[in-house]
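Read the structure below first, then the notes.
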Amino acid sequence: MLEENRILRRGRRRRWLVDYPRVVPLAIFLLVAAVTFVSVVAIESGQAVREEAELNRKAQSMVSAIERRAYSNSAFLRAAAALFSSQGEVSSDSFRQFVTELRLDADYRGAEGIGWAPAISSGEIVRTEDLLSEGRVSRVRITPSIVDQPRSQLVPVLYLQPDTLRNRRALGFDMYSEPVRREALDEATKSARPTSTGKVVLVQEGGVEEPGFLIYMPVFDGGITDRVLKGFVYSPFNAGEFLASAGDLVGDDETGVRLYDIGDDKRDLMAELPGWKPDVPYVEREVDMANRKMLLVVQSSAVEVLSPLSMITLLFGLAVASLLLVVARLLTQQAQEDSRSLEWFAEQNSIRNSLTRELNHRVKNTLANVLSIVSLTRRRADNLDEFAQGIDSRIRALSATHDLLTQSEWGTTPIRSVIEVELAPYANAEDHTVVMEGPDVELAPNDALSMGLAIHELATNAAKFGALSRAGGKVTVIWTLVNEGLARIDWSESGGPRVTEPQKRGFGTDLIEKIVAHELRHPVELEFLPTGVRCKLLVPVREPNEFMLRSGPPPQKGH
């Protein structure tokens with residue numbers, strides 16, 4: 001018993017190879033490929049998580065580096081502010097010595113230095129210009145001139161160390177005359193702590209449009225209740241060099257980084273590192289730049305390709321899948337050859353006898369339909385071209401239904417399938433609507449052929465003159481089961497051009513009302529209403545044993 005079961009199971013597996021010679025190898029290939037794909041996705045998902053974590057780490061490192069730079073600068077400015085608040089006057093030499101003793105380290109890269117700008121009124125302009133001009137060949141003026149731009153308060157640059165040719169360009173410039181600097185000066189005065197400007201172009205640039213920013217620290221005279229603004233110590237920064245110095249601290253030259261000013265609720269690009277690339281994943285982090293919010297955008301440096309492990313897994317999996325595909329294909333071919341060798345002799349007699357009887361039966365029916373179509377078409381055609389065109393379309397409709405019957409091995413065919421195959425050229429068009437509704441009803445082969453001819457004629461007429469000839473037209477085909485042996489099909493058109501009763505009967509009308517009605521053994525109701533053509537067909541629903549493939553001699557009576 002156990003041996004018989006093993007033989008049966010082995011036989012079933014062998015039948016799978018015979019019955020599905022392409023499906024089985026393909027299924028094996030797809031199964032292995034799917035496992036490979038899932039493995040690659042899992043590997044890449046883990047890699048993506050690692051890359052995201054690395055990107056967040058880099059972003060946080062950049063934020064820490066930038067805030068560290070800003071904090072270090074604020075500490076230097078606070079020290080300078082303590083110098084100016086504790087002494088009445090600070091000479092140029094004293095300020096230079098102070099800056100020298102600060103021993104600014106590498107964290108100060110990107111800054112132009114440390115400067116002093118007193119807060120003065122218009123009456124102190126001459127005295128301030130005298131201080132600016134001490135030891136210089138020509139007199140240094142405060143710019144812009146108060147004549148050109150009248151104002152009651154000025155904050156001109158008096159000292160800026162180190163004393164370089166670049167920094168001397170800024171001496172005498174009234175920072176309170178420029179709106180962005182003035183906003184930061186006022187905020188620093190109000191908060192009494194280091195405050196950064198938004199995006200500006202430093203005076204040191206000499207007209208070159210290099211973005212930068214400044215950090216101000218206010219200096220007051222007096223106590224908390226009666227303090228008076230004395231001036232500001234500040235540091236000017238070149239934004240590009242400042243961002244590059246922060247990037248050096250992180251140590252990744254390939255990472256794209258951008259710094260935006262968002263202090264005014266809008267993004268204004270301050271600086272960008274050379275590694276920036278478009279359409280690359282990135283993360284955003286807010287940066288507290290001395291009492292002003294800025295936005296740091298850091299890109300991923302990962303290359304958008306499969307990781308080495310994923311590539312190895314993919315290639316190995318595809319190689320295994322391909323090998324199994326070849327082996328399975330060879331097995332199916334061998335199984336097919338063996339099966340054909342065993343079954344060939346047994347099938348010959350049965351196939352020959354059955355097909356001969358059935359072919360005789362089917363050909364007679366089909367030729368009868370074709371002869372009727374040819375006869376009616378010849379009588380209705382005015383010329384040879386019209387005759388050939390009519391014959392061609394109707395034979396094609398007959399062929400389409402024959403294909404359905406062949407697919408079902410000349411067994412039962414669903415009403416829906418017959419209607420769908422005849423209306424297929426119109427069902428997917430966007431300018432009109434085709435509705436098909438009804439239960440599952442199976443038809444005998446000859447009845448399906450006759451009904452297919454009727455639907456074809458109705459569809460052809462609708463496409464030429466009816467609802468399918470105009471945008472917005474609608475064809476509705478509804479079938480119902482009247483009883484166990486009869487089904488009704490209702491064809492109705494709407495939304496098309498106005499319909500009038502034809503003056504003479506056409507081929508389609510004769511075909512439906514004569515041939516189809518005769519073949520279906522039930523009358524056909526065809527109406528040409530103004531709103532559209534209406535047609536009702538009654539189709540017999542027969543038992544399969546009435547038309548199934550004959551195994552014995554054909555019946556003697558007519559069919």
Side-chain angles (χ1 to χ4, degrees), residues 59-85 102 104 107-119 153 155 157 160 170 173-203 211-222 224 227-243 245-246 249 257-271 284-297:
Q60 190 57 46
S61 298
M62 284 293 296
V63 170
S64 299
I66 291 174
E67 291 183 344
R68 171 186 167 188
R69 294 286 317 284
Y71 178 80
S72 299
N73 176 259
S74 298
F76 291 135
L77 293 182
R78 289 181 187 276
L83 171 68
F84 281 93
S85 63
L102 285 178
L104 305 179
D107 280 348
Y108 218 66
R109 179 186 162 191
E112 304 291 336
I114 297 179
W116 163 249
Q153 179 174 319
V155 184
V157 178
L160 184 55
F173 175 71
D174 177 18
M175 293 185 287
Y176 207 72
S177 64
E178 195 272 320
V180 177
R181 291 175 172 85
R182 182 168 60 247
E183 179 185 357
L185 289 167
D186 291 340
E187 179 62 27
T189 303
K190 182 173 64 173
S191 63
R193 59 175 178 162
T195 301
S196 173
T197 68
K199 179 180 177 181
V200 298
V201 177
L202 301 179
V203 181
F213 62 95
L214 304 98
I215 298 179
Y216 295 113
M217 178 65 196
V219 178
F220 299 97
D221 274 339
I224 297 177
R227 67 184 185 181
V228 176
L229 180 65
K230 187 176 181 179
F232 298 87
V233 288
Y234 75 100
S235 286
F237 289 86
N238 179 285
E241 293 183 5
F242 177 85
L243 186 60
S245 67
L249 295 177
V257 181
R258 278 182 172 178
L259 182 64
Y260 293 90
D261 174 39
I262 57 172
D264 298 326
D265 295 329
K266 64 178 181 180
R267 292 191 178 189
D268 197 355
L269 181 62
M270 297 276 286
E284 298 179 348
R285 294 288 185 274
E286 274 196 2
V287 180
D288 185 6
M289 183 73 76
N291 200 26
R292 186 179 184 89
K293 294 296 183 183
M294 292 191 181
L295 183 68
L296 184 71
V297 181

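All values reported here derive from a predicted model rather than from experimental measurement.
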_Could you walk me through whether Asp261 and Lys199 satisfy the salt bridge (charged side-chain N to carboxylate O under 4.0 Å, His left out) test, starting with their C-alpha distance in whole Å, then the side-chain angles of each, then the deciding distance to 0.1 Å, before giving a yes or no?_
CA-CA 7 Å; Asp261 174 39; Lys199 179 180 177 181; over 6 Å; no
_Nearest heavy atoms of Tyr216 and Met175, plus distance in Å_ = OH-SD, 3.2 Å
_Test item: Leu243 and Met62 side chains (from C-beta on) under 4.5 Å apart, heavy atoms_ = yes
*Excluding sequence neighbours, so at least two apart, what forms salt bridge (Lys or Arg N to Asp or Glu O under 4.0 Å) with Arg258?*
Glu272
_What's the separation between atom CD1 in Ile215 and atom CZ in Arg292, rounded to the nearest 0.5 Å?_
11.5 Å
_With sequence neighbours excluded, residues passing side chain to side chain contact (heavy atoms under 4.5 Å, CB included) with Val63_ = Gln60, Glu67, Arg285, Val287, Leu296
*Any side-chain heavy-atom pair from Leu77 and Ser235 closer than 4.5 angstrom?*
yes
_salt bridge (Lys or Arg N to Asp or Glu O under 4.0 Å) involving Lys230 - partner list, sequence neighbours excluded_ = none
_Checking Phe84 now: which residues fulfil ring pair (Phe, Tyr, Trp, His ring centres under 6.0 Å) with it, not counting sequence neighbours?_
Phe95, Trp116
*Search all heavy atoms of Ala170 against all heavy atoms of Val157 and return the closest pair with its distance.*
O-CB, 3.3 Å
*Determine the minimum heavy-atom distance between Ala246 and Ile66, stating which atoms define it.*
CB-CG1, 3.7 Å
_Partner residues of Asp288 under the side chain to side chain donor-acceptor pair (under 3.5 Å) criterion, sequence neighbours left out_ = none
_Counting C-beta onward and ignoring hydrogens, is there a side-chain heavy-atom pair between Gln153 and Leu229 closer than 4.5 Å?_
yes
*Could you tell me how the ring of Phe213 sits relative to the ring of Phe237: parallel (under 30°), tilted (30 to 60°) or perpendicular (over 60°)?*
parallel
*So which heavy atom on Pro236 is nearest to which on Leu202, and how close?*
CB-CD2, 3.9 Å
*Where the side chain of Thr197 meets the backbone of Arg181, is there a donor-acceptor pair that is under 3.5 Å apart?*
no
*Any idea which heavy atoms bring Lys293 and Ile262 closest together, and the distance?*
O-CG1, 3.3 Å
_Test of understanding: with salt bridge (Lys or Arg N to Asp or Glu O under 4.0 Å), list the residues that count as partners of Arg267, not counting sequence neighbours._
Glu284
*Taking all non-hydrogen atoms of both residues, which atom of Gly113 and which atom of Leu160 are closest, and how far apart?*
C-CD1, 4.5 Å
_Pairing residues for Ala82 by the side chain to side chain contact (heavy atoms under 4.5 Å, CB included) criterion, not counting sequence neighbours_ = none
*Do Phe232 and Thr189 touch side chain to side chain, with heavy atoms closer than 4.5 Å?*
yes
*asked:* Test of understanding: with side chain to side chain donor-acceptor pair (under 3.5 Å), list the residues that count as partners of Thr195, not counting sequence neighbours.
replied: Asn291
*Apply side chain to side chain contact (heavy atoms under 4.5 Å, CB included) to Phe242 and Met270, showing your working.*
CA-CA 10 Å; Phe242 177 85; Met270 297 276 286; over 6 Å; no
*Who are the side chain to side chain contact (heavy atoms under 4.5 Å, CB included) partners of Ser61, not counting sequence neighbours?*
Arg57, Val250
*asked:* Could you work out, with salt bridge (Lys or Arg N to Asp or Glu O under 4.0 Å) as the rule, every residue matching Lys190, not counting sequence neighbours?
replied: Glu187
*Roughly how far apart are Leu269 CG and Leu295 CG, rounded to 0.5 Å?*
10.5 Å
_Going by side chain to side chain contact (heavy atoms under 4.5 Å, CB included), name the residues that satisfy it together with Arg78, two or more places apart in sequence or in a different chain._
Arg193, Pro194, Met217
